[in-house]
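Notes follow the structure.
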Amino acid sequence: MTILKRVLGMSLVLIGISAACVAAQQPATPATNTVSEANQNSAREVRYRKNIDDLTPDELAAYEHAVARLKVKSEENIYDRTGFIWQAWVHDCSSIDVFDGRAAPLGAAGLNNLLTSPLYVGDGSSPPRLNSCEIRNFLQVPGGTATHKEYPGRCEHQKNTFLQWHRAQLYYYEKALQAADPEGQYGPSTKDVALPYWNFTQPPSGQRYPQAFENPDSPLFDSARTTEPHPKPAASPELLASFIYNLDWPAFGGDEYGTNGGGAIETRMHNGLHFGYINGHMIDNTTAAMDPIFFVFHNFIDYILEKWIQTHDQEQITGTGRDNYMRAEQDDHLLKPVGFDEGSGDPKRDDSGDYTRNMGQAKIYFDTQQQGYAFAGTDEFLPPAKIRTLIDRHQPAGFVFGDNPMSLYSALLGNASLSPGAPFKIKLSGTYEIPDKTIDEQSARATLSFSRKSVNPNYSFHADVYLYPEDIKGEIDREDFRNRYLVTNRAHWGLSHHSDYTLNFKEHLTGIINSLVDKKQGEKRNITVAISGKSESMNIDQFTPPSIQIEVTQ
Ligand SMILES: [Cu+2]
C-alpha cells in the first residue's frame with residue numbers, strides 16, 4: 001500500500017451521522033415522456049463550462065445578459081418556470097400557491113423588493129423573517145383569487161444524493177440560461193452560454209468573490225452577500241485533492257439517510273461557505289439560490305464530482321444515490337436530459353393522486369458529455385503526487401499523530417481558516433485510552449461520536465475536533481495547539497424547516513488511533529470538540545460529550 005493511500009485511509013475516511021434534509025425517493029415505474037424520444041436522445045453539442053475568471057468579455061456579457069433576462073421573466077410572471085425566482089425556488093420551495101391561470105406580474109420594483117428584503121434567516125442569529133416562496137409576503141394577492149398548489153423543488157442535503165441533485169438542478173438552470181434570449185433579441189445571444197464556475201479553493205479575483213460578482217451594476221451582484229474582510233474559507237486545494245483521491249463514495253459524497261450526515265465535500269467545504277463565508281441569501285436553504293453566486297459555487301462542486309468520477313469511475317457511486325429521482329418541477333420547454341424518464345416520485349400532498357415532478361434519475365447525469373457539457377479547466381485540482389509530497393514533508397517519520405507540529409489535517413488545510421469568524425462558544429470534553437493493539441480496519445473502526453439534540457431554530461455551527469495528551473491543556477485559542485492536534489472538522493448547516501431530529505455526528509479516527517498504538521499504548525488522551533457559530537440559542541446542554549468507541553463492522 002502506498003504511503004498516500006495508507007495515510008489518507010487512516011485519517012480521511014471520516015464519516016459521521018446526522019439527519020437528512022428530505023427522505024430518499026424510491027425508484028418508480030416510468031411514465032410517458034413529454035418530449036419526443038428523438039429529441040431527447042439526439043447527440044448533444046458539448047458546451048464547455050469555464051472558470052468565471054477565464055471568460056472572454058463576450059462570454060461574460062452573454063452570461064450576464066442571460067441572468068438579466070431570467071430576472072425579467074420573473075418580473076413579467078413570477079410563475080415562469082424558466083425565470084430567476086422559480087429557478088431559485090427549485091432549490092427549496094416545496095409547495096406554493098399558484099394562481100389559476102399561472103400569471104402574476106411582479107414588476108421590476110417587486111423583484112427588487114424581493115431581492116433586497118431581509119429574508120428568512122434560519123440559523124437563529126436573528127429573528128425569522130421572510131421566506132422567499134411565501135409569495136404573500138411580497139406580492140399583493142387579490143381577495144378571492146383562486147389558487148392551486150405546485151411544487152418547485154426540494155434540496156437534497158445531508159445524504160448521498162447531494163451532489164447528484166445539485167448536478168440536475170444546474171443542468172436545467174443552464175438550459176434556462178441558454179433559452180433566455182437565444183435569438184439575441186434584447187442583447188447578445190444566450191444560446192451558447194455555458195454556466196461558469198468559481199474555484200473557491202483559490203484566492204478570489206475580487207475582494208472576496210470573483211470580480212464579476214462584485215460589480216454593483218451587474219445582474220450577478222447581490223447586496224445581501226457579506227463583503228467584510230474574512231480569512232480564507234476552510235477549503236484548500238490540498239484538502240480538496242485529499243478528498244477527491246479517496247476512493248470511498250460514502251466518505252466523499254455521502255451515505256444513506258441518517259448515516260453520515262453528508263460526505264466530505266458537503267460537510268467540510270460546502271456548508272461553511274454557505275452560512276459562513278458567503279452569507280446573505282446563501283445563509284439559508286430557502287433563499288440560497290436567489291444569489292446568482294449559488295450557481296457558480298455549486299458548479300465548481302459539480303466539477304469536483306466530475307473529477308472524482310474521472311478518477312474512480314461512476315460505477316463506484318453506490319446506494320440510492322444512483323437510482324433516485326431528483327425532485328423538482330422544471331419547465332417542459334427546456335430540453336430534458338438524455339435518458340430522462342419521469343418515474344413517479346413522491347405523492348402530491350393535495351390528494352389529487354398525482355406525483356411531484358422530478359428531473360429524472362441521478363445516474364443519467366453521470367456522463368456529462370452525453371448531457372451536452374464538460375469542464376474546460378486545466379489545473380483546478382492538485383495531482384495526487386503533490387498531495388504525496390505534502391504528506392511526506394509533514395510526516396517524515398511516518399504518521400505518528402501529535403509528534404509533529406502540524407497534524408496532517410492542519411497541513412492539508414494550509415492557510416485556509418477553519419473558523420467561520422464566529423467565536424468558539426462551546427467546548428465538549430472527553431477522554432480516551434490508547435489501546436494496546438492495532439484495530440483491524442477490515443473488521444472494526446474507532447469512531448468518535450457526539451450529538452446535538454433537536455433545537456428550534458435549527459442553527460448552523462462548525463465543530464473542530466482535537467485529540468491531545470492528558471497532561472496538555474486544551475488551549476484551542478492558541479494556533480500552535482490547533483495546528484498540532486486538529487483531527488478533523490465539520491460544519492453543520494442548520495436548514496430551516498428541518499428541526500425535529502437529533503444530530504448524531506460520527507467521525508472515523510481508526511487511522512489516527514492506530515498510528516498512536518505503537519509508541520503511546522495505554523496513555524490517556526483528551527478529546528475536545530470546539531463548537532463555533534453565531535446563534536444566540538447555542539447552548540452546551542444541547543450537546544452530549546464526545547467519546548471514542550471501537551465499533552465492530554463485520
Ligand atoms: Cu449549496
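Numbering of ligands and ligand atoms starts at 1, following listing order. Below, all heavy atoms of this structure are taken into account, side chains as well, without hydrogens, waters or symmetry copies. Keep in mind that this is a model prediction, so the values were computed, not measured.
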- [ ] Kindly state whether the ring of H274 and the ring of F297 have centres lying under 6.0 angstrom apart.
- [x] yes
TODO: May I ask you to check if R208 and Y277 form a cation-pi contact, with NZ or CZ under 6.0 angstrom from the six-membered ring centre and within 45° of the axis?
DONE: yes
Open item on the list: For the aromatic rings, using the six-membered ring if either is Trp, is the centroid distance between F461 and F543 under 6.0 Å?
Closed with: yes
Task: Sequence-distant partners of D192, salt bridge (Lys or Arg N to Asp or Glu O under 4.0 Å), two or more places apart - done: R47
Task: Shell of protein N/O/S atoms around the Cu ion (ligand 1), taken as anything under 2.8 Å - done: H270 NE2, H274 NE2, H298 NE2
Task: Check: H462 ring centre within less than 6.0 Å of F275 ring centre - done: yes
Open item on the list: So that I know where these two stand, are Y373 and Y171 an aromatic pair - ring centroids less than 6.0 Å apart?
Closed with: no
